[in-house]
2 protein chains.
Amino acid sequence: MPKTPPGQTRNRVFRFVRDCLLRGDSPSLREVQRHFGFRAVETVRAHLTALVEEGRLVKEPGRARGYRLPKRFSSPAPDWPTGRLQPVPLLGEVAAGGFEEAIENPEGNLPVEIPDSRDLSDYFALRVRGESMSGAGILPGDTVIVERRGTPVSGQIVVALLEEEATVKRLHLGQDGMELRPENPGFDTLRPPPGTCRILGRVVELRRQIR
Amino acid sequence: MPKTPPGQTRNRVFRFVRDCLLRGDSPSLREVQRHFGFRAVETVRAHLTALVEEGRLVKEPGRARGYRLPKRFSSPAPDWPTGRLQPVPLLGEVAAGGFEEAIENPEGNLPVEIPDSRDLSDYFALRVRGESMSGAGILPGDTVIVERRGTPVSGQIVVALLEEEATVKRLHLGQDGMELRPENPGFDTLRPPPGTCRILGRVVELRRQIR
DNA sequence: TGGTATACCAGACAAATGTCTGTTATGCTG
DNA sequence: CAGCATAACAGACATTTGTCTGGTATACCA
């Protein structure tokens, strides 16, 4: 193998390993070796060790296929909460059966980043129906991710179970009781009598597929 | 270790391995063993082999940490396109440097489902600045996922690189040339002279974190 | 000229990891 | 009950993978 200018091969190795890792697939030293046609494993190890020292890679010691991308690559974004990626159940028709049955029979699962302090069972996802929240940028067909934990707070966007139907509205709590306010001039504020409405949780994330 | 009802432990093992894999981290047999407190590795292997036979997992033979999720699991919902979950780079300031440098230095990564037919390099994510698209339910602070492939089509929501700044607008192509239309009455349509504007791709997904 | 750094090679070794074979229970079923 | 399937265990073994120690060659610099 001919000797290459300093740093050149190193960069190629980095790009290869990075792309593997982005594909969610940590390569072994020998896989990298084969890819580049090196005749010694040690060549690869030298490069990877150097890359770790440069801070371009991170290694979990004592572990096969233990190379990782440093945090700033793997975390969703600096200001997003760090957490685990978990399959959150996407509920179909909440109206038909009760809410509990809907949780048990999800239409599918959504990979969602949830905080380490929370449990997967605190979350579910729901398809939005109707235009009533379009003023808040929540359109029909959007998917909302809902957190069930905690007591409802005035001003939050919540999912309420009302007459066997789940709806997304902004919650307001006053001395007159509970108000569910749409954010669209064409819709009226709901003032459900006590006992007829259950707050399922608050909306923490929104996803929309376009086209 | 007491014997558990049929299928019960199997499901717990599956959920554990699935969660590891969603985090992008294939566990070794002994890691699973430790997690459940099994006293034999073989117990884990039996479960995993069974899960592969049931089609709930997939295995790359002759390879350490070779268990994977089958393609279809990661599908969020029946009508969503099936694809792989991939870490899409979230770009920071596109304005400052050029676009290519921004791709190389992502601010973070977002786990996004991308179709099998596409490549990870066809995608990037971007934070939305400004109110110009709020009429389309795209608010400042939202994250858009952008597909770079294909030719721009009139009517699509696109990301355009204009004067070293990336903006989200709706594209219209007419005989007068290209128009970038905001969806907010307070903003004007842009008609960039030929050569001054580059369409980076079309918006395929939107995500918003609330509170 | 010698020293030093870098790129790469060679092979032995050790640790991590997957595979196999056989054994002990337990529950179900004919 | 015998037969069978499942859950779990035990330990040996093979393969994959990472680590180490030392060597060759080339470029660069004092």
Side-chain angles (χ1 to χ4, degrees), chain A residues 1-70, chain B residues 1-70:
Chain A
M1 197 70 335
K3 189 177 165 173
T4 57
Q8 185 174 309
T9 309
R10 176 102 76 246
N11 275 321
R12 297 208 307 140
V13 169
F14 171 69
R15 280 199 297 272
F16 175 71
V17 174
R18 183 199 57 188
D19 291 351
C20 284
L21 291 172
L22 285 177
R23 238 179 298 116
D25 177 43
S26 185
S28 71
L29 297 188
R30 276 152 183 100
E31 280 169 2
V32 181
Q33 182 195 356
R34 263 196 303 279
H35 181 265
F36 286 100
F38 290 130
R39 283 191 266 172
V41 211
E42 185 55 25
T43 302
V44 178
R45 206 175 80 98
H47 277 127
L48 292 192
T49 310
L51 286 168
V52 168
E53 266 163 25
E54 292 169 20
R56 303 220 269 163
L57 287 179
V58 160
K59 177 172 188 280
E60 299 186 28
R63 193 177 173 167
R65 300 172 178 274
Y67 288 92
R68 300 280 179 274
L69 289 172
Chain B
M1 196 80 326
K3 188 178 167 173
T4 56
Q8 186 173 309
T9 309
R10 175 103 77 244
N11 274 323
R12 296 207 310 138
V13 169
F14 172 68
R15 280 198 297 271
F16 175 70
V17 174
R18 180 198 59 188
D19 292 353
C20 284
L21 291 172
L22 283 176
R23 238 180 299 119
D25 177 44
S26 185
S28 71
L29 297 188
R30 276 154 184 97
E31 280 169 1
V32 180
Q33 182 195 355
R34 264 197 303 280
H35 181 266
F36 286 101
F38 290 130
R39 284 192 266 173
V41 211
E42 185 54 26
T43 302
V44 178
R45 206 175 80 97
H47 281 305
L48 292 192
T49 310
L51 286 168
V52 168
E53 267 163 24
E54 292 169 20
R56 302 220 270 165
L57 287 179
V58 160
K59 178 172 187 278
E60 301 186 27
R63 193 176 174 167
R65 299 171 179 275
Y67 288 91
R68 300 280 180 272
L69 287 174

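Order of the sequence lines fixes the chain letters, A, B, ..., with proteins taken first and strands second; residue numbering starts at 1 for each chain.
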Report the nucleotide, chosen from [options], that has the shortest atom-to-atom distance to any side-chain atom of [X].
{"X": "A:Ala64", "options": "C:dA16, C:dT19, D:dC9", "answer": "C:dA16"}
{"X": "B:Thr9", "options": "D:dC9, C:dG18, D:dA7", "answer": "D:dA7"}
{"X": "B:Arg30", "options": "C:dC9, D:dT19, C:dT19", "answer": "C:dT19"}
{"X": "B:Arg65", "options": "D:dA7, C:dG18, D:dC9", "answer": "C:dG18"}

Taking [atom1] from [X] and [atom2] from [N], how many angstroms apart are they, rounded to a whole number?
{"X": "A:Gln33", "N": "D:dT16", "atom1": "CD", "atom2": "P", "answer": "14 Å"}
{"X": "B:Asp25", "N": "C:dT17", "atom1": "CG", "atom2": "C1'", "answer": "15 Å"}
{"X": "B:Arg39", "N": "C:dT24", "atom1": "CZ", "atom2": "P", "answer": "15 Å"}
{"X": "B:Glu31", "N": "C:dT17", "atom1": "CD", "atom2": "C1'", "answer": "10 Å"}
{"X": "B:Lys59", "N": "C:dT17", "atom1": "NZ", "atom2": "C1'", "answer": "10 Å"}
{"X": "A:Glu60", "N": "C:dA16", "atom1": "CD", "atom2": "P", "answer": "14 Å"}

Is any side-chain N or O of B:Arg10 closer than 4.0 Å to OP1 or OP2 of D:dA7? yes
Residues that B:Glu42 engages under side-chain contact (heavy atoms from CB on, under 4.5 Å), provided they are two or more places apart: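 Per chain and number, B:Glu42 pairs via side-chain contact (heavy atoms from CB on, under 4.5 Å) with B:Arg45.
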With each end axis built from five pairs of C1' atoms, what bend angle do you get for the helix from C:dT1-D:dA30 to C:dG30-D:dC1? Round to 10°.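 Both end axes considered, the difference amounts to 10°.
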Mind listing the residues from residues 42-49 of chain B sitting with a heavy atom below 4.0 Å of DNA chain D? Number order is fine. B:Glu42, B:Thr43, B:His47
